[in-house]
Amino acid sequence: MVSIEQYGEFETSWCPGCGNFSIVKSLKKALTELDLAPHEVMVSAGIGQAAKTPHYMNCHMFNGLHGRSLPVAQGMKMANPEMTVICESGDGCSYGEGGNHFLAAIRRNLDITLLVHNNQIYGLTKGQASPTTVRGMVTKTQPDGAPSEGFNPITVAVAMKAGFVARAFSGEPDHLVETIKAAVNHKGFSLVDILQPCVSFNKVNTFAWYKERSYILEGHDTRDWCGAMEKADEFDEKIPLGIIYQNGRQPFSNVGQLATQSYNKDDLKAVLQSYR
Amino acid sequence: MSDTSINIVIGGAAGQGLATVGTLMAKAMTRAGYHILVNQKYMSRVRGGHNTFTIRMGPDPVVSITDDIDILVALDAETLELHKDDLREDGLVIHGDDIDSAGFNALRIPFKDLASKPLFYNIVALGVLGGAACQDSAIFETLLSETFSKKGDAVVEANVDVIRKSFEWVKEQKVSFSCIASAKESNTDRLMLNGNEAIALGALAAGCNFLSFYPMSPSTSVADTLITKGRGLGLKYEQVEDEIAAMNMAIGASYAGAKSIVTTSGGGFALMVEGISLAGVSETPIVTIIVQRPGPATGMATRTEQGDLNLVLYAGHGEFPRAIFAPGNVEECFYLTHRAFDLAEEYQTPMFILSDQFLADSYADVEMFDLDTLPETTKPLLKTESEPYKRYELTEDGVSPRMIPGYSETLVRADSHEHDEMAAVTEDGANRVLQNSKRLSKESGLIQDVIGPDHYGEEKPDVLLMCWGTSLGACLEAADTYEGKSIAVLHFKQVYPLREEQFMDYLEAAGEVVAVEGNATGQFAKFVAQETGFRVGSYILRFDGRPLSPQYVLKGLNSII
Ligand SMILES: Cc1ncc(C[n+]2csc(CCOP(=O)(O)OP(=O)(O)O)c2C)c(N)n1
Ligand code: SF4
Ligand SMILES: [Mg+2]
């Protein structure tokens, strides 16, 4: 049996009250409940406040570049399908800098889990608008209000018929744990967009703001694509939490245990012979 | 040395199948025991335009392409018009009905008589070419049977019938073309492949088992070859969304234990540069193949240039070690790529192969690669006894034992931030100096491992041609044919790092050093000056998108000397 202590306790550099604390705790809890030990988990992270997560838990870690956690995570999984691969990043990292990778990862459907700490702001760089910042929000670099429409990752993922699409909230930790567990268990690419209040730089989408309008979905048919599209689009007065959409798409299978794999010399000799 | 080779140029529009005729001819000649060297020039389009497939062949090794033409196969009128000035006096033109070749030593092929339908015109051209080059039809018949075997007996028979008829027809013609000397050796074990194929095979021989890439001419055939030949050997591969993904995915795979390769050209590589820096600081092995084409930006997609040396020398922010190899021929493509994989794992830092379109598409005959004598490549650890495991342990030579995560309970943590020995983020100044110095100290090992330049000719020549990568052949032949002065060649197949004691004596002993490069600014010569203080006397530079030829180098020499 794996215990949560194996994942360790670390000092963080997050602001007191930040939603990230609850997320890293929930992740450890979910992995523990799945009976996965730290050495069975690989975490790929980008750069940002969210992306610091693997530094605050015991696990295999590759902390790469801003926006590039998905390609790294997919490379990991292709080279070692035995591992549980988790991708940790913020909304800027996943939907902005790495937006193209997000679309491609949905299509490719490798068996990995993307946890996006969505605080609707660039936290680490001190409060510029992110792709999910609502239109009109005033920031230091958007003094006339963010000019672009906010990006809804759930709608995009459902529209693309991603295999597993969920939304959670750092303020609902029990639900978050269950959602992460379901995402990890899903065979294929899973997205969990996690609403995460940034107490320092997002004064609009606060803990109270999320708490007021979010509600846990009940009786929702996660296999019904049209219904899922409707729920995905709900992000205003009400924000649904839970698995929005799920299907049984075939995961990407061109993977192998590459560290221990070596070629057969006779096969390569035959390849060379084909050039005669 | 008297020139015993002949140079065959097959010219036509894209879509006319000249590459098919050319490749079959080159292969047949390799099997006949000739040495061959191919040069392909084509336009960036799928139909039309003017393309050539050139085969230089002879009983002696062919080191370089050449501009002079012995046999010109003109599949369209434009070919004759464009190339008639390069035709040797006794040169032969082979062409179809629709071309006026009055005044040339020509062989007009009655395509309609020799083949029942246009589909076979290529094979007719091949047969006539083979016959005109005084070859035996048997080798061609076998080759066609193999090539078309999958399409069934009827197709094979039809093709063989056409080639036989074409050979017979040539025999009846009065062709005044002196036959090429017969092949000296009938070494049946020689391979025919191009630079990109050799890179792919070198990678596979080194155990490469992961490829992520985004297509870009002229690099794509490295990926093609890796996939078609490597998937049966266990290669995992993916054509990804962009070059940034390609680089980062390969790094992720390498971290998890794959032997990763990425293949691209200059523009794609520019997108990968942040990832190169990531590989540098996270100390993740990665081999990058850059097959150059002329830039800037889109440049000329299907032409050649050695213009990206500076980009690759300096790619990546921050400071970290690397090595750059620049093969001079097809054989070196294989062995240097193999070596790049070995060094990437040994030093846990990025390795580069810098080739270009000319070598990419240049078929040559090479001796069968001997897999049994290839050096064993360095292996990472799957387990460790040392507790706690420090991924970035400070060591004498800067190399920390690299563990692959997932094969024991030991956690493996890697980071793009400056980090301590345990991969924890830190901005501590003293730690920064220690870790940065540790990474850079791997350079002392890399320096010991540098493959020095090859020197050809007299030690104290009047002129020393200093070149790198794919300009080797043109320099060698120019040096060999120049009369009146002694010319030597110094060829660098590893362009970074440089180890002065391996070549300074050569530079200083020469009457004059001339840099020969396929770019406009003499990037390598300037780099040598920066590293050693030695300045070359003059330059022969080519940057019209065409490969350096001996004639081009000789012309340059004549204007210098
Ligand atoms: C290539 C690159 N561009 C910009 C940055 C600077 N940068 C670091 S994190 C970040 C935004 C972080 O926002 P988000 O991904 O939402 O993470 P958060 O800090 O909000 O958790 C930016 C712009 C960088 N590190 N690398
Ligand atoms: S800046 Fe915002 S996201 Fe970052 S740690 Fe502070 S509260 Fe959390
Ligand atoms: Mg954010």
Side-chain angles (χ1 to χ4, degrees), chain A residues 10 13 37-40 42 44 46-47 52 54-55 58-80 82-83 85 98 100-101 103-105 107-108 252 254-265 267-276, chain B residues 30-31 188-193 197 201 204-205 207 209-210 212 229 232-234 236-238 240-242 244-260 274-275 278 282 368-369 371-372 380 382 404-417 423-425:
Chain A
F10 295 78
S13 59
H39 69 272
E40 295 169 304
M42 277 185 193
S44 160
I47 296 295
K52 291 176 183 172
H55 285 280
N58 288 325
C59 59
H60 296 300
M61 169 188 84
F62 192 98
N63 186 183
L65 298 170
H66 183 52
R68 316 299 166 201
S69 54
L70 274 172
V72 169
Q74 292 168 97
M76 286 173 172
K77 188 71 185 185
M78 282 179 75
N80 189 345
E82 303 280 301
M83 290 283 117
V85 175
N100 195 22
H101 309 315
L103 301 181
R107 291 181 50 224
R108 193 172 288 124
F252 183 95
N254 196 12
V255 301
Q257 211 64 29
L258 299 187
T260 50
Q261 175 191 300
S262 59
Y263 65 84
N264 177 325
K265 218 182 234 179
D267 290 345
L268 183 57
K269 283 183 180 166
V271 166
L272 295 181
Q273 289 296 333
S274 71
Y275 288 93
R276 283 189 43 224
Chain B
T30 304
R31 288 188 177 183
T188 52
D189 224 12
R190 290 186 86 78
L191 309 177
M192 186 193 88
L193 70 173
E197 289 169 336
L201 297 180
L204 293 173
N209 55 17
F210 188 90
S212 43
K229 304 293 180 184
L233 302 170
K236 302 298 166 195
Y237 57 92
E238 174 69 344
V240 294
E241 55 273 23
D242 57 32
I244 302 176
M247 177 53 69
N248 283 274
M249 191 182 271
I251 289 172
S254 177
Y255 160 81
K259 284 201 178 201
S260 294
E274 194 193 7
L278 170 64
S282 65
M368 173 60 89
F369 301 119
L371 298 181
D372 298 318
L382 296 180
I404 301 303
Y407 295 88
S408 73
E409 293 196 5
T410 306
L411 298 182
V412 181
R413 294 165 73 82
D415 199 357
S416 72
H417 299 89
V425 182

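Note that this is a predicted model, so its numbers are computed, not measured. Every chain is numbered from 1, with letters handed out A, B, ... down the list of sequences.
Residue A/Gln261 comes nearest to B/Gly234 through the heavy atom pair NE2-O, 2.8 Å, listed as atom of the first residue, atom of the second, then distance.
A cation-pi arrangement is absent between A/Lys77 and A/Phe252, since the terminal nitrogen or guanidinium carbon is not both under 6.0 Å from the aromatic centre and inside a 45° cone about the axis.
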Quiz item: Passes salt bridge (charged side-chain N to carboxylate O under 4.0 Å, His left out), B/Glu197 versus B/Lys229? Steps please.
Solution: CA-CA 10 Å; B/Glu197 289 169 336; B/Lys229 304 293 180 184; over 6 Å; no
Quiz item: Where do A/Arg68 and B/Ile244 land on the side-chain contact (heavy atoms from CB on, under 4.5 Å) test, with the steps shown first?
Solution: CA-CA 8 Å; A/Arg68 316 299 166 201; B/Ile244 302 176; 3.3 Å; yes
Quiz prompt | Residues A/Met42, B/Val412; criterion side-chain contact (heavy atoms from CB on, under 4.5 Å); working and verdict | solution = CA-CA 9 Å; A/Met42 277 185 193; B/Val412 181; over 6 Å; no
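Counting heavy-atom pairs under 4.5 Å between each of A/Lys265, A/Gln74, A/Gln273 and chain B puts A/Lys265 at the top. Chain A forms more heavy-atom pairs under 4.5 Å with one residue of B/Met247, B/His417, B/Met249 than with any other, namely B/Met249. For the set A/Leu272, A/Asp267, A/Asn254, A/Asn58, the count of heavy-atom pairs under 4.5 angstrom toward chain B peaks at A/Asn254. Heavy-atom pairs under 4.5 Å with chain A peak, among B/Gly275, B/Ala414, B/Gly207, at B/Ala414. Here B/Glu409 is the residue among B/Met368, B/Glu409, B/Met192 with the most heavy-atom pairs under 4.5 Å with chain A. By number of non-hydrogen pairs under 4.5 angstrom with chain A, the leading residue of B/Leu371, B/Ile404, B/Leu193 is B/Leu371. Put simply, of A/Ala79, A/Cys59, A/Gly67, the one with the most heavy-atom pairs under 4.5 Å next to chain B is A/Cys59.
Only the side chain of B/Tyr407 comes within less than 4.5 Å of a heavy atom of chain A; its backbone N, CA, C and O stay farther away. Neither the backbone nor the side chain of A/Glu40 comes within contact range of chain B; no heavy atoms are under 4.5 Å apart. Of the atoms belonging to B/Ala258, heavy atoms from both backbone and side chain fall under 4.5 Å from chain A. There is no contact between A/Glu82 and chain B, counting heavy-atom distances below 4.5 Å. Using a 4.5 Å cut-off between heavy atoms, B/Ser212 makes no contact with chain A at all. Neither the backbone nor the side chain of A/Leu103 comes within less than 4.5 Å of any heavy atom in chain B. At a 4.5 Å heavy-atom cutoff, B/Ser260 makes no contact with chain A through either its backbone or its side chain. With a 4.5 angstrom heavy-atom cutoff, A/Met83 touches chain B only via side-chain atoms. Residue contact with chain A, scored on non-hydrogen atoms closer than 4.5 Å, is absent for B/Ala246. Contact annotation for A/Arg107: neither backbone nor side-chain heavy atoms come within less than 4.5 Å of a heavy atom of chain B. For chain B, no part of A/Lys52 is nearby; none of its heavy atoms comes within less than 4.5 Å. Only the backbone of A/Asn264 comes within contact range of chain B, with heavy atoms under 4.5 Å apart. Only the side chain of B/Leu382 comes within contact range of chain A, with at least one heavy atom under 4.5 Å from a heavy atom of that chain. Proximity to chain B is absent for every atom of A/Ser69, based on heavy atoms less than 4.5 angstrom apart. In this structure, chain A has a heavy atom under 4.5 Å from the backbone of B/Ser408, while its side chain stays farther away.
A heavy-atom distance below 4.5 Å is found between the side chains of B/Asp372 and A/Lys269. Taking 4.5 Å as the limit, every side-chain heavy atom of B/Leu191 sits out of range of all side-chain heavy atoms of B/Thr30. Looking only at side-chain heavy atoms (C-beta outward), B/Asn209 and A/Tyr263 stay at 4.5 Å or farther from each other. The shortest side-chain heavy-atom distance between B/Leu411 and A/Pro38 falls under the 4.5 Å cut-off.
Judged by distance alone, the side chain of A/Asn63 and the main-chain N or O of B/Ser416 form no donor-acceptor pair under 3.5 Å.
The stretch residues 245-256 of chain B participates, sequence neighbours left out, in no salt bridge (Lys or Arg N to Asp or Glu O under 4.0 Å) pair at all.
Looking at residues two or more places apart in sequence or on another chain, you find a ring pair (Phe, Tyr, Trp, His ring centres under 6.0 Å) between B/Phe369 and B/Phe334, B/Tyr335.
Atom-to-atom distance recorded for A/Met76:CE and A/Leu258:CG is 13.5 Å, nearest 0.5 angstrom.
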